[in-house]
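See below for the structure under consideration.
Just so it is clear, the model here is predicted, and its values are computed rather than measured. This chain uses plain numbering: 1 for the first residue, then up along the sequence.
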Amino acid sequence: DASFVRFLEFIKNSLQRCKVILVSRVRQYFNGIDIVHFLLVGLSSDSLLYARRIINLNYSNSISISDENLLDICNDLNGHPFAIQLAIQLLSYEESSIQILDIIREYRNERESLSNRLLNEVFNHAASTPEEKELLTALSVYREAFNSQAIKISFDDSYKEPLRKLIDKL
């Protein structure tokens, strides 16, 4: 995005001793701007605590899973927070931990990202409403992050309820 590059150039030229942290799934390169790349990894030993917190905050009445089974899921997801959230979403749909682990292991060696696979599972699950599926399909045209203004321009008011339900699920 050209405006982002201009912003980085402004920082480089205007601010001294400034450091910007850019989180991205791909390595970014900008002419004349020094960027240090480092690998982000999952939560490791904190992944079980993170998963429990998500369940306690959002699903305390609907999900019952042992720490052992939840830890198995977290470990198979390499502690990645978004993937853990999506797996918990599947648990809320009454999928068993064994079914979720089977889904994860089935695609372990494939190139498709784990987050995409789990998002597809949420999309294709019987508990996802047609309105939510329609909204997910419509939102998939955005290749990068988008704001509420983009949604308002792209959709009429009928998107509000399915969007709220999707946000509640995640």
Side-chain angles (χ1 to χ4, degrees), residues 19-28 35-151 155 159-170:
K19 296 194 187 295
V20 175
I21 297 174
L22 173 67
V23 178
S24 175
R25 292 181 185 265
V26 296
R27 288 182 177 250
Q28 301 291 327
I35 295 182
V36 176
H37 296 103
F38 59 95
L39 178 65
L40 294 177
V41 294
L43 298 173
S44 304
S45 60
D46 292 332
S47 63
L48 177 62
L49 181 64
Y50 175 78
R52 270 287 165 223
R53 195 171 106 223
I54 297 294
I55 290 171
N56 291 339
L57 287 173
N58 301 308
Y59 304 101
S60 60
N61 296 328
S62 61
I63 295 177
S64 176
I65 184 172
S66 71
D67 280 352
E68 181 182 354
N69 289 343
L70 190 56
L71 184 59
D72 285 343
I73 291 172
C74 292
N75 287 340
D76 273 22
L77 295 173
N78 297 319
H80 291 289
F82 184 60
I84 291 170
Q85 286 181 354
L86 291 172
I88 290 170
Q89 179 65 42
L90 288 174
L91 286 171
S92 76
Y93 289 160
E94 299 180 2
E95 296 287 335
S96 72
S97 59
I98 293 170
Q99 290 169 312
I100 293 171
L101 287 170
D102 286 345
I103 292 166
I104 295 166
R105 291 172 180 153
E106 178 181 351
Y107 295 100
R108 181 178 303 275
N109 296 322
E110 297 208 7
R111 294 169 50 140
E112 185 182 6
S113 78
L114 182 58
S115 296
N116 284 343
R117 290 193 315 271
L118 291 170
L119 187 57
N120 284 335
E121 288 294 323
V122 170
F123 179 86
N124 292 321
H125 199 280
S128 293
T129 68
E131 293 82 12
E132 292 167 342
K133 291 179 181 182
E134 183 179 331
L135 182 60
L136 282 173
T137 301
L139 292 175
S140 70
V141 301
Y142 295 102
R143 294 181 54 83
E144 296 181 11
F146 54 90
N147 60 25
S148 61
Q149 186 63 28
I151 294 174
F155 302 99
Y159 77 88
K160 289 181 180 178
E161 186 62 19
L163 181 60
R164 186 191 60 74
K165 287 180 179 178
L166 283 172
I167 291 170
D168 288 346
K169 287 180 178 180
L170 295 175

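- In this structure, Ile84 and Ile54 have side chains that are not in contact, with every pair of non-hydrogen atoms separated by 4.5 Å or more.
- Scanning both residues, Ile63 and Ser92, for their nearest heavy atoms gives CD1-N, 3.6 Å.
- Residues Gln99 and Glu94 approach most closely at OE1-O, 4.4 Å, considering heavy atoms.
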Run the numbers on Tyr59 and Ile88 for side chain to side chain contact (heavy atoms under 4.5 Å, CB included), then give the verdict.
-> CA-CA 9 Å; Tyr59 304 101; Ile88 290 170; 3.5 Å; yes
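- In this structure, Ser96 and Leu91 approach most closely via the heavy-atom pair C-CD2, 4.3 Å.
- Rounding to the nearest 0.5 Å places NE2 of His80 at 12.5 Å from OH of Tyr50.
- If you run side-chain contact (heavy atoms from CB on, under 4.5 Å) between Asn75 and each of Ile73, Asn78, Leu71, Leu77, only Leu71 comes through.
- Rounded to the nearest 0.5 angstrom, Asn69 CG and Ser64 OG are separated by 10.0 Å.
- Side chains of Arg52 and Ile65 form a contact here, defined as non-hydrogen atoms less than 4.5 Å apart.
- Across all their heavy atoms, Gly79 and Ser47 have their closest contact at CA-CB, 3.8 Å.
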